[in-house]
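Quick notes on the structure that follows.
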Protein chains: 2
Amino acid sequence: MLIHQQKDIPTLIKDTGLVETRRRQIVQAAVDLFIQKGFHKTTTREIAGRANFSIGTLYEYIQSKEDILYLVCEFIHSEMEKQVKEAIKPADTGRDTLKNAIDRYLRVCDLMQDHILLIYRETASLPGDSISYVLRNESRITGMFEDILTRGKDDGTLKLRHHRGITLIAHNITVLGHMWTFRRWFLKKAFTLDEYIELQTSLVLNELSSHNGDGPP
Amino acid sequence: MLIHQQKDIPTLIKDTGLVETRRRQIVQAAVDLFIQKGFHKTTTREIAGRANFSIGTLYEYIQSKEDILYLVCEFIHSEMEKQVKEAIKPADTGRDTLKNAIDRYLRVCDLMQDHILLIYRETASLPGDSISYVLRNESRITGMFEDILTRGKDDGTLKLRHHRGITLIAHNITVLGHMWTFRRWFLKKAFTLDEYIELQTSLVLNELSSHNGDGPP
DNA sequence: CCTCGTTGATTGAGCGCTCGTTCATAACGA
DNA sequence: TCGTTATGAACGAGCGCTCAATCAACGAGG
């Protein structure tokens, strides 16, 4: 029985405020450890220790170790979404909004490198039924780019050569951010973050400014 | 002490042919299980069992469970490289070669979906010093695209707007393939493999046909 | 002001079990 | 028979999780 499936608290603790606090502490401790050593190599005792209470207490606020992973994934996604959302103040044109959004999104990805990697590594360790729940969070970010692209298409500042292009390009942009994190060993040798942003933005915008097809010269 | 760091065999077995055979069996069994249950949740006994010998025998041909992971990663990368390489018969122009290469590469990625995911998930579980070794394998595939792009640039069939573009676009193409695997839950809802290939190829080639910068209309 | 029972929260030793690894022994082949 | 290879019971470290015991805070009763 997983946390997101039940409405009430899985413990005997009465003070719901405490539950929130403790779970925050658990997540905070777990994120650090999972990034450092991975989910499987981190012990529940370590998590409790870093959160400054005992394993007994830990298990008052969760039901299984996998619950912690679920809480962590949820936290990371909501943190990502929050940061990206507050970074995107819609500019006047869809095109400018997109430029803006890509810039801020890639910077957020840079800041949250380790968290993004964590998601990639450990999502598979979630119990089957939570996975789809976590994936839904993921797709909200892609959705944001889809919205921006649609706006640009409608106000005429972005041109699409293919009618299915919006979905695809939105995914491509999302992955651009992840790519910066999981290929950092290569990419940081060749580019600074600023260069990376500039170049990738240029590629995306060039596509969205295309005047014709791709006939060879 | 890991396998790739030592020249000789980590066991007492004398017949080197047998070592190769057994290791092939181990890898074959492990790949299946790792894909299914992940590295940590797969036991050495299961691997031995599926390879049709006992744990004792297993440990005659490896020194630790992590050795198996290393062998598996190496196998997957070499398999990928082999398949991609044999799929790319250089056409007359760099541009046609690229088209060809993207097509075949994406199809290989589709066939090896689970293997690619496995690499993403478990590379981090490798002991620190083997990681860089495994990453080097990864970068050979990107290197192939760099070569093709360079050829196209030289023979004039591909145009680059930025002098650093080759590296970046090569990485982008490589990731396009991975993206098809780790976002398949989203992408396969919207596109067939053929559509995906066609659209992404079109995006890449459009960029490489650009006649001017990205000035807004 | 003190006492003591109650209640919610915390503790950590300990349970049951799994897993990676080893090694004495058996089986095999020449 | 002797060298090589295979076996699987045994080992012991370590893990997730439980629960009887403990603690701290508080308020009613004397």
Side-chain angles (χ1 to χ4, degrees), chain A residues 1-3 6 8-27 29-30 33-34 36-72 122 125-127 130, chain B residues 1-3 6 8-27 29-30 33-34 36-72 122 125-127 130:
Chain A
M1 194 54 55
L2 272 170
I3 284 182
Q6 55 197 32
D8 53 355
I9 290 121
T11 69
L12 303 169
I13 273 78
K14 296 292 152 64
D15 178 351
T16 18
L18 229 199
V19 174
E20 299 307 315
T21 309
R22 290 270 179 269
R23 288 208 175 143
R24 245 196 314 277
Q25 293 176 291
I26 294 172
V27 167
L33 289 165
F34 289 174
Q36 221 179 80
K37 334 176 45 184
F39 173 68
H40 290 284
K41 290 197 176 171
T42 302
T43 67
T44 50
R45 268 171 259 259
E46 282 177 297
I47 296 170
R50 182 173 286 224
N52 286 316
F53 40 70
S54 67
I55 340 126
T57 304
L58 178 69
Y59 273 89
E60 292 290 327
Y61 299 97
I62 56 156
Q63 287 188 307
S64 72
K65 194 189 174 189
E66 282 165 339
D67 276 355
I68 304 181
L69 182 56
Y70 176 78
L71 289 175
V72 163
E122 310 293 1
S125 302
L126 283 167
S130 336
Chain B
M1 190 58 52
L2 271 170
I3 285 183
Q6 55 198 28
D8 52 357
I9 291 119
T11 68
L12 304 169
I13 273 78
K14 296 294 150 68
D15 178 352
T16 18
L18 228 199
V19 175
E20 300 306 316
T21 309
R22 288 271 180 270
R23 288 207 175 143
R24 245 197 313 275
Q25 292 176 292
I26 293 171
V27 167
L33 289 165
F34 289 174
Q36 217 178 87
K37 337 175 44 185
F39 173 68
H40 289 285
K41 290 198 175 171
T42 303
T43 68
T44 50
R45 270 170 258 260
E46 284 177 297
I47 297 170
R50 183 174 286 223
N52 286 315
F53 39 70
S54 67
I55 340 127
T57 303
L58 178 69
Y59 272 88
E60 292 291 328
Y61 300 96
I62 56 154
Q63 286 188 309
S64 72
K65 194 188 174 190
E66 282 167 339
D67 276 355
I68 303 180
L69 182 56
Y70 176 77
L71 289 175
V72 164
E122 309 294 1
S125 302
L126 283 166
S130 336

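Letters go in sequence order (proteins before strands), and every chain restarts at 1.
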| remark: Residue set satisfying ring-ring contact (aromatic ring centres under 6.0 Å, His included) with A:Phe53, at least two apart, ordered chain then number -> none
| query | Between A:Asp67 (CG) and D:dC17 (C1'), how many Å, whole number? | reply | 13 Å
| said: Can you measure B:Ile62 atom CD1 to D:dA6 atom P for me and round it to whole angstrom units? | reply: 14 Å
| remark: Whole-Å distance, B:Arg22 CZ to D:dT4 P, equals 17 Å
| task | Quickly work out the B:His40 NE2 to D:dG14 C1' distance and round it to whole Å. | result | 15 Å
| query | Just how far, in rounded Å, is C1' of D:dA6 from CD of B:Gln25? | reply | 13 Å
| said: Check this one for me: any side-chain N or O of B:Tyr61 less than 4.0 Å away from OP1 or OP2 of D:dT5? | reply: no
| request: Without swapping roles, check the side chain of B:Ser130 against the backbone of B:Leu126 for a donor-acceptor pair under 3.5 Å. | output: no
| Can you give one letter per nucleotide of nucleotides 25-30 of chain C, going 5' to 3': B for a protein heavy atom under 4.0 Å from the base, S for sugar-phosphate only, - for none? | ------
| said: Would the distance check show the side chain of A:Glu20 and the main-chain N or O of A:Gly17 forming a donor-acceptor pair, the cut-off being under 3.5 Å? | reply: no
| remark: Closest non-hydrogen atoms of B:Leu58 and B:Ala48, given as atom of the first, atom of the second and distance, are CB-CB, 4.1 Å
| message | For A:Glu46 versus A:Thr43, what's the shortest heavy-atom pair and its separation? | response | OE1-N, 2.9 Å
| request: Would you verify whether the NZ or CZ of B:Lys65 falls within 45 degrees of the ring axis of B:Phe39 while also being under 6.0 Å from that six-membered ring's centre? | output: yes
| said: How many whole angstroms separate atom NZ of B:Lys41 from atom C1' of C:dT18? | reply: 14 Å
| field | C:dT21 phosphate, OP1 or OP2, under 4.0 Å from B:Tyr59 side-chain N/O | value | yes
| Any Lys/Arg nitrogen of A:Glu122 or A:Lys37 sitting under 4.0 Å from an Asp/Glu carboxylate oxygen of the other? | no
| query | Reading nucleotides 11-17 of chain C 5' to 3', which nucleotides get B (base under 4.0 Å from a protein heavy atom), which S (sugar-phosphate only), which -? | reply | BBBB---
| field | Shortest non-hydrogen contact from B:Ser125 toward A:Lys41 | value | O-NZ, 4.4 Å
| said: Expressed as a whole number of angstroms, how long is the span from A:Lys65:NZ to D:dC17:C1'? | reply: 12 Å
| query | Are the side chain of A:Arg23 and the backbone of A:Tyr61 linked by a donor-acceptor contact shorter than 3.5 Å? | reply | yes
